[in-house]
Chemist: 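Pasting a structure here, questions to come.
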Amino acid sequence: MVRKGAAPAGRPERLLRPKPHLCFVAPHAWPVLARDPRIQVVGGAEVQQSVLARLFAASGYRVSMISLDYGQPDRAVVDGVTVHKVFAPEAGAPVLRFLHPRLTSMWRALGEVGAEIYYFRASAMWLGVLTEFCRRHGRRSIYAGASDMDFEPGIGGQVRYARDRWLYRRGLAQVDRVVAQNERQRASCLANHGREAVVIPSCYRLPESRNFSGKESKGIVLWVGMIHENKRPELLLELAARLAHRRFVVIGGPRPGAPAAYYERVRAQAAVLPNVEFKGFLPLAEVEGWFDAAQVVVNTSAYEGMPNTFLQAWARGVPTVATVDVGAPVHRVARDIDALAREVESAAQDALLRGRCRDYFERTHSPAAALERYARLFDELLPQA
């Protein structure tokens with residue numbers, strides 16, 4: 001028992017110092033953080049940054065975010081997070097806009113925020129800009145991988161221009177701390193970049209309001225993701241054709257800026273399958289309800305990191321089956337369509353697996369687990385004087 005007025009065991013010095021001011025540099029996160037259903041942007045990195053920003057703010061940290069201008073007021077406050085806006089997504093003339101308004105606007109916002117620790121997630125050129133700002137101004141920086149590909153040598157498919165790839169690699173070399181989602185990313189970062197990363201699994205918090213009206217939809221096989229080639233939704237449609245006795249729900253919009261042909265082809269293929277309901281893009285708040293209805297969540301990606309959809313499933317005791325291995329003991333991996341069909345059927349009938357999923361989530365991906373791991377990382381970045 002802790003005496004009244006005594007510091008709890010563990011790290012009492014944390015109670016004696018103010019919590020640092022954190023800034024999430026998250027250009028595309030405003031639609032997710034603000035839960036704006038009009039803007040069809042729901043990327044995995046943006047979801048995770050929004051989860052963390054809310055979590056830190058609720059835990060007493062001062063939290064800021066830098067996001068693109070989607071029409072929101074500057075320095076809008078959402079759930080305790082102050083959002084500084086920079087340039088609009090298409091602002092400026094081609095080629096020249098890299099310098100202005102993009103670079104000038106971002107550099108100004110970094111200075112206006114004045115955070116002690118800046119956090120960036122996913123492979124992009126902004127990492128190089130952020131770390132250079134921190135180097136010049138004596139601030140601390142964290143980079144968190146969002147995909148198993150982020151630390152691989154060839155990131156051309158994710159970062160389009162050579163200039164941007166150079167800035168990303170320079171930022172990865174300069175950043176103060178690297179966070180990996182799993183052991184595979186940690187090993188890849190060390191082997192390919194000579195940087196030791198700390199493994200901090202992604203986290204998730206169940207929404208307080210979970211009213212799912214479609215009670216008749218219980219027991220579905222759910223697929224959620226952006227509709228593009230790396231996600232391979234056509235495998236899900238082949239699976240649905242094999243498991244005609246099960247009902248499938250597909251949720252996801254097209255990749256921003258990509259040609260519409262692929263998305264339209266997938267939607268047309270889904271339309272001819274009587275056991276598939278193709279929802280297209282849905283706001284995150286609406287997607288949550290479909291996880292309450294799911295019996296199994298399926299992922300058909302060519303590569304991942306730790307999909308937020310897995311956390312949304314495990315928190316509810318819903319099993320996951322995928323074509324990628326994320327290193328979780330409750331997760332089932334299927335390398336081909338035959339194995340995918342077998343594993344979905346097996347997971348759907350395994351009552352004990354649901355409890356194991358919930359237990360694993362609480363141990364590994366809960367908000368409490370993430371807070372403790374990040375607090376230790378912040379202690380390393382800002383040691384007590």
Side-chain angles (χ1 to χ4, degrees), residues 44 202 204 206-207 210-227 231-252 266 269-280 282 284 286-304 306-366:
S202 298
Y204 168 74
L206 281 166
R210 295 169 57 197
N211 297 321
F212 180 67
S213 59
K215 302 299 184 185
E216 72 285 353
S217 300
K218 289 285 186 179
I220 63 172
V221 178
L222 180 65
W223 187 99
V224 179
M226 197 176 294
I227 306 293
K231 299 294 184 180
R232 304 191 296 188
E234 63 275 5
L235 284 179
L236 188 281
L237 299 182
E238 185 177 350
L239 176 67
R242 293 190 177 208
L243 303 181
H245 61 288
R246 295 203 173 273
R247 184 181 172 212
F248 289 74
V249 172
V250 178
I251 299 175
V266 171
Q269 291 171 351
V272 302
L273 294 170
N275 61 329
V276 175
E277 187 174 352
F278 188 92
K279 293 289 186 181
L282 290 179
L284 183 59
E286 291 185 37
V287 176
E288 290 282 5
W290 287 100
F291 283 93
D292 290 323
Q295 189 172 14
V296 180
V297 168
V298 174
N299 179 298
T300 53
S301 295
Y303 60 86
E304 285 285 358
M306 174 54 73
N308 292 301
T309 54
F310 288 5
L311 310 187
Q312 290 167 288
W314 296 335
R316 295 166 166 87
V318 177
T320 55
V321 177
T323 51
V324 291
D325 186 355
V326 296
V330 295
H331 176 61
R332 298 193 173 190
V333 183
R335 299 300 185 186
D336 55 45
I337 190 65
D338 293 329
L340 199 61
R342 288 194 304 270
E343 293 295 348
V344 166
E345 285 295 290
S346 175
Q349 298 170 35
D350 190 342
L352 294 178
L353 181 57
R354 299 184 71 88
R356 294 201 300 272
C357 287
R358 279 190 292 266
D359 291 344
Y360 175 73
F361 172 83
E362 288 299 327
R363 291 195 312 272
T364 311
H365 299 285
S366 68

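We number each residue from 1, following the sequence as shown. No experiment lies behind these values; they were computed from the predicted model shown.
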Chemist: Quick one, Phe278 and Val266 - any side-chain contact, counting heavy atoms below 4.5 Å?
Modeler: yes
Chemist: Nearest 0.5 angstrom please: Arg316 CZ to Asp292 CG, how far?
Modeler: 4.5 Å
Chemist: With sequence neighbours excluded, tell me which residues meet side chain to side chain donor-acceptor pair (under 3.5 Å) with Asn299.
Modeler: Ser301, Glu304
Chemist: With sequence neighbours left out, write down each residue that passes ring pair (Phe, Tyr, Trp, His ring centres under 6.0 Å) with Tyr204, or none if nothing qualifies.
Modeler: none
Chemist: Please name the pair of heavy atoms, one in Ala240 and one in Leu273, separated by the smallest distance, quoted to 0.1 Å.
Modeler: CB-CD1, 4.4 Å
Chemist: Output all residues satisfying side chain to side chain donor-acceptor pair (under 3.5 Å) with Glu362, sequence neighbours left out; order by chain, then residue number.
Modeler: none
Chemist: Given Val318 and Gln295, is the side chain to side chain contact (heavy atoms under 4.5 Å, CB included) satisfied, shown in steps?
Modeler: CA-CA 6 Å; Val318 177; Gln295 189 172 14; over 6 Å; no
Chemist: Can you find a pair of side-chain heavy atoms, one from Trp223 and one from Leu239, that are under 4.5 Å apart?
Modeler: no
Chemist: Kindly state each residue pair satisfying ring-ring contact (aromatic ring centres under 6.0 Å, His included) with at least one member in residues 314-341, sequence neighbours excluded.
Modeler: Phe310-Trp314, Phe310-His331, Trp314-Tyr360, Trp314-His365
Chemist: Using every non-hydrogen atom in the two residues, find where Pro319 and Cys357 come nearest and quote the distance to one decimal.
Modeler: CA-SG, 3.9 Å
Chemist: Would you mind listing every salt bridge (charged side-chain N to carboxylate O under 4.0 Å, His left out) that reaches into residues 331-352, with sequence neighbours excluded?
Modeler: Arg242-Asp338, Arg246-Glu345, Arg332-Glu343, Arg332-Asp350, Asp350-Arg356
Chemist: Would you check if Leu237 and Pro233 make a side-chain contact, meaning some heavy-atom pair closer than 4.5 Å?
Modeler: no
Chemist: Going by heavy atoms in the side chains, are Val224 and Trp290 under 4.5 Å from each other?
Modeler: no
Chemist: Donor-acceptor check, side chain of Thr300 to backbone of Arg232, threshold 3.5 angstrom: yes or no?
Modeler: yes
Chemist: Looking at every non-hydrogen atom in both residues, tell me the closest pair between Val326 and Pro307 and how far apart they are.
Modeler: CG1-CD, 4.0 Å
Chemist: How close do Val330 and Leu353 get, heavy atom to heavy atom, and via which atoms?
Modeler: O-CD1, 3.8 Å
Chemist: Which atom pair, heavy atoms only, marks the closest approach of Thr320 to Ala313?
Modeler: CG2-CB, 3.7 Å
Chemist: When you compare the side chain of Leu243 with that of Val221, does any pair of heavy atoms fall below 4.5 Å?
Modeler: no
Chemist: So which atom in Ile251 and which in Val287 form the shortest heavy-atom distance, rounded to 0.1 Å?
Modeler: CG2-CG2, 3.9 Å
Chemist: May I ask you to test the Val297-Phe291 pair for a side-chain heavy-atom distance under 4.5 Å?
Modeler: yes
